[in-house]
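Working notes, beginning with the structure itself.
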Amino acid sequence: MQLDLSYLKDIDSVANEIIKYAEGETIWLFEGEMGAGKTTLIKAICRQLGIVDETSSPTFALVNVYENQSGDEFYHFDFYRIENEIEAVDIGADEYFYSGRLCFIEWWERIPSLIPAKNLKISINLDNERNRIVSLSKHE
């Protein structure tokens, strides 16, 4: 599935479409070059999910924990700065990934062997006019 995100005003609509498409997937892998809009899209998804905590990239903390109005937890990871997969293991990434809670994972390519096989990949690509195209694919 592909979604057009040419204008920032469309981000909440795109976030809703992603949530509908995900249908119970708990591991959401975000990919795109630096500055493609991964964190901005995650913030929009969090708004749509009713998350009340402030959302931001966990670049230095590696993981941020958010809650919605019902007290459900959501996990947001950013593995850009890690040197190796051991750092992700040390923070208990696998426990988060298999918790059954929704996990948003940026820079997952740095920890490929830790990623569960069942996941939703969300790719953000820029076309020639610098418009964003969001591609969604489920993996079993």
Pair Y66-Y75, ring pair (Phe, Tyr, Trp, His ring centres under 6.0 Å): steps then yes or no: CA-CA 6 Å; Y66 309 132; Y75 307 123; 9.2 Å; no
query: Which heavy-atom pair separates Q48 from N16 by the least distance, and what is that distance?
result: OE1-ND2, 3.1 Å
Residue pair A36 / I124: nearest heavy atoms and the distance that separates them: O-CG2, 3.5 Å
query: Sub-3.5 Å donor-acceptor pair from the side chain of D10 to the main-chain atoms of S13, do we have one?
result: no
E33 and L126, any side-chain heavy atoms less than 4.5 Å apart: yes
query: Quick one: does I18's side chain get under 4.5 Å of L41's, heavy atoms only?
result: yes
task: Tell me whether V134 is reachable from M1 by hopping between hydrophobic residues (I, L, V, M, F, W, Y) whose side-chain heavy atoms are closer than 4.5 Å.
output: yes
- request: Tell me whether V63 is reachable from I45 by hopping between hydrophobic residues (I, L, V, M, F, W, Y) whose side-chain heavy atoms are closer than 4.5 Å.
  value: no
- prompt: Looking at the rings of Y80 and W107, which for Trp means the six-membered one, are their centres under 6.0 Å apart?
  reply: yes
query: Counting heavy atoms not belonging to Y96, are there more than 12 under 6.0 Å from its OH?
result: no
- request: Would you give the length of the straight line joining atom CD1 of I122 to atom CD of E106, rounded to the nearest 0.5 angstrom?
  value: 10.5 Å
query: W28 vs F30 aromatic rings, parallel, tilted or perpendicular, using cut-offs 30° and 60°?
result: tilted
field: Distance under 6.0 Å and angle within 45° of ring axis: K138 vs Y21
entry: yes
task: Test the R101-F74 pair against the cation-pi criterion, namely NZ or CZ under 6.0 angstrom from the six-membered ring centroid and within 45° of the ring axis.
output: no
